2 protein chains.
Amino acid sequence: MANDKVTSNDVARLAGVSQSAVSRYFTPGTSVSKKTAEKIRAAAEELGYRPNVLARSLITGRSRIIGLVVAYLENYFYPEVVERLSKALQDQGYHVLVFISSIASENVDQITQEILDYQVDGIVLASANMSSELAARCHASGVPIVLFNRLQDDERLSAVTSDNRAGGRQLAELFVSLGHRRCGYIAGFEGASTQRDRERGFREGLEAAGLPLSAREVGNFRYEDAQAAARRMFAGPEHPDAVFVCNDHMAFAVMDVLRFELGLRIPDDVSVAGFDDVPPARWPAYNLTTIRQNVDDMVAETVATLMHSIKEGEGAARRITLDGALVLRGSTRAKALTEETR
Amino acid sequence: MANDKVTSNDVARLAGVSQSAVSRYFTPGTSVSKKTAEKIRAAAEELGYRPNVLARSLITGRSRIIGLVVAYLENYFYPEVVERLSKALQDQGYHVLVFISSIASENVDQITQEILDYQVDGIVLASANMSSELAARCHASGVPIVLFNRLQDDERLSAVTSDNRAGGRQLAELFVSLGHRRCGYIAGFEGASTQRDRERGFREGLEAAGLPLSAREVGNFRYEDAQAAARRMFAGPEHPDAVFVCNDHMAFAVMDVLRFELGLRIPDDVSVAGFDDVPPARWPAYNLTTIRQNVDDMVAETVATLMHSIKEGEGAARRITLDGALVLRGSTRAKALTEETR
DNA sequence: TTCAGCCTTTCATACGTATGCAAAACAGGT
DNA sequence: ACCTGTTTTGCATACGTATGAAAGGCTGAA
């Protein structure tokens, strides 16, 4: 790294100006005469000089780095988030330093410490929780945090989520309108706000129609755990005729078990719905009814929140809830069956 | 970021020692007496001090940042790579700064310039190419580059790939042994070495058995483009009875078209094989025969190559080719059909 | 107790850059 | 030509930290 390092002093010497002029040339909003600017541009080009972002950060207090914590990329939803968030921040002159945490968030505090070592300008937590002690620490350091697709009871943390509760309620209402009377739910990771809110909405929707939740299992947001959950749920003689699976990723697993292990037909025997609308939900093999999370808008709101906090300092935390959209596909019945046709 | 910033000078004051002692306490391999160490530890803990990685990089010439360029995360293969590479580097005390490029690599040079601004200790290019001008630039800066799952003719660039050519040949041999006589190939992005090598191996394997490639289309590594490619390939009365699709991601698209649009049975009417063995290849909905890329070993070799280059400087570029493994699943025939049963 | 060798500590400086301030230069009007 | 106001420039310093060199302290052997 130390070889052939070109500094602003080298450029200044070649251009016959001061280092200060070179710095001003590369700093927006400062004044440099046309003549001086041309000398500097030519010298910088000849030497291949570009300012050192890290050295700048010492002076400006701005590293142009955003720390991003993701728990797992196995679920198609999060690669999409990483990709779009990186691009959107890249367009704003920031770059994403990626940290991988566990699903249960037990190492997020340690990771956040490491993130702070890099003097990041902000942190995005995608599907992970942070201790309030660390939240206070970030707050004291002036580092804004945005929870992506996760909620937490801490007024210092901004959050951008879909309306998970409304989405769960929508699916309950859908099942009811399709004539389903035995509805099951497969939960994600119990510590996640998305899991809690989606279930809450689903239960509320069923209760409004006078129906209980007839079966519940836990899939921990993992394909294999969701397979096992489906096996448990459909092991007895009485099983649900409709299942809301907390996210698409697990819904694929449930569908695979129903079809290929239990010989059940979707949606003839069981309707299945998920949440997210990740790419495979659109693939004919799954053709999954789901609630679409508007990733583009979520990313845009996250970036806007971060940029605002970074520029204005402090500010109250923002809680942004975006509407999801019900997407009907072939995994749920097309219409309610009449009693006769059963 | 400027609020409440605790520096090594604050710790030194509180502990009653010099800033230099504080620095040495946090620098492995330096000497500090037990007494002084305890004073510093207590002061640092009380003030919540941790060294500033970026300030350190000015002195040490080491940022502990690795730039990672990925072209798209749509293909399940790359999220897995990002996750594992980030973890492996995290374990070595490095962190990954992510940059998203386009599939055709036309903006990789600009991105690499931006990466260098961050004084990265190394760069990993996952499924992307770099101009030789930029390669020279990185070489001059002493920044090691490792191509992941991509090859390029530049002796300054290290690379870690699977043996794509052997994998292609294995699939040709498999098709031949299963009695297939009309074999098709759906290519990825034409500018990618993986696409070229897999096709070359496939063609060689067919030629060794005296068979021509009977159909070829291009899918550009994208689901939708692969769907279109499958439609074109199977539009006429004569179509292949076996298809090698350049990667799993596109193979899913081809399978979906064959089954749900053309009413063809897999593998009864057409055998389909992919390359990568990404998670959905194992899901019962696809159950795809494929060549497994050993991601764990590829990541380990990439990290080892980077660490070696960073520690030893210069060194010759390393080209590491790992064997893939043929994984037989239900998308290819179980055995050759005899002429009678046809 | 003294001496030599090794360990520990502090001082001064450097890393690459931005910025406040004072001085110099420039531009337009009288 | 002189004056005033504005722009531009360079000097000096700071950001947070690591490190070479010199000085001081410690330890064990004679």
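Just so you know, these numbers come straight off a predicted model, no measurement behind them. Chain identifiers are assigned alphabetically (A, B, ...) following the order of the sequence lines, protein sequences preceding nucleic acid strands; residue numbering begins at 1 within each chain.
- Applying the salt bridge (charged side-chain N to carboxylate O under 4.0 Å, His left out) criterion to A:Arg137, with sequence neighbours excluded, gives no partner residue.
- Checked against salt bridge (charged side-chain N to carboxylate O under 4.0 Å, His left out), A:Asp109 has no partners two or more places apart in sequence or in another chain.
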Only pairs under 3.5 Å count here: list side-chain donor-acceptor contacts from residues 92-101 of chain A, not counting sequence neighbours, and write none if there are none.
from: A:His95; atom 1: ND1; to: B:Tyr118; atom 2: OH; distance (Å): 3.2
from: A:His95; atom 1: NE2; to: B:Glu114; atom 2: OE1; distance (Å): 2.8

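- Between chain B and DNA chain C, the heavy-atom contact criterion of under 4.0 Å yields a 5' to 3' nucleotide range of C:dT8 to C:dG16.
- Nucleic acid contact for A:Ser23: base, since at least one base atom lies under 4.0 Å from a heavy atom of the residue.
- In this structure, the ring pair (Phe, Tyr, Trp, His ring centres under 6.0 Å) partners of B:Tyr76, at least two apart in sequence or on a different chain, are A:Tyr76.
- Within the structure, every pair that satisfies the ring pair (Phe, Tyr, Trp, His ring centres under 6.0 Å) test and touches residues 33-67 of chain A, not counting sequence neighbours, is listed here: A:Phe26-A:Tyr49.
- Among the protein residues, A:Tyr25 comes within range of no part of the nucleic acid, since none of its heavy atoms lies under 4.0 Å from any strand.
- Residue pairs meeting the side chain to side chain donor-acceptor pair (under 3.5 Å) criterion with at least one partner in residues 37-48 of chain B, sequence neighbours excluded, are B:Glu38-B:Arg41, B:Arg41-B:Glu45.
- Using five terminal pairs a side, the axes of the helix from C:dT1-D:dA30 to C:dT30-D:dA1 at its two ends make an angle of 40°, given in steps of 10 degrees.
- We find that CZ of B:Arg62 is positioned 12 Å from P of D:dT19, with the value rounded to whole Å.
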Show me the protein contacts with nucleotides 8-10 of chain D, counting only N or O atoms at under 3.5 Å.
from: D:dT9; atom 1: OP1; to: A:Ser33; atom 2: OG; distance (Å): 2.7
from: D:dT9; atom 1: OP1; to: A:Thr36; atom 2: OG1; distance (Å): 2.1
from: D:dT9; atom 1: OP2; to: A:Ser33; atom 2: N; distance (Å): 3.2
from: D:dG10; atom 1: OP2; to: A:Ser18; atom 2: N; distance (Å): 3.0
from: D:dG10; atom 1: OP2; to: A:Ser18; atom 2: OG; distance (Å): 2.8
from: D:dG10; atom 1: N7; to: A:Ser20; atom 2: OG; distance (Å): 3.4
from: D:dG10; atom 1: N7; to: A:Arg24; atom 2: NH2; distance (Å): 3.3

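- Qualifying side-chain contact (heavy atoms from CB on, under 4.5 Å) partners for A:Ser162, counting only residues two or more places apart in sequence or in other chains: A:Asn164, A:Gln293, A:Met298.
- By the salt bridge (charged side-chain N to carboxylate O under 4.0 Å, His left out) test, B:Asp296 is found to be paired with B:Arg84, residues two or more places apart in sequence or in another chain being considered.
- Heavy-atom neighbours of A:Glu155 CD from other residues, nucleotides or ligands within 6.0 Å: above the threshold of 12.
- Partners of B:Phe148 under the ring pair (Phe, Tyr, Trp, His ring centres under 6.0 Å) rule, at least two apart in sequence or in another chain, do not exist in this structure.
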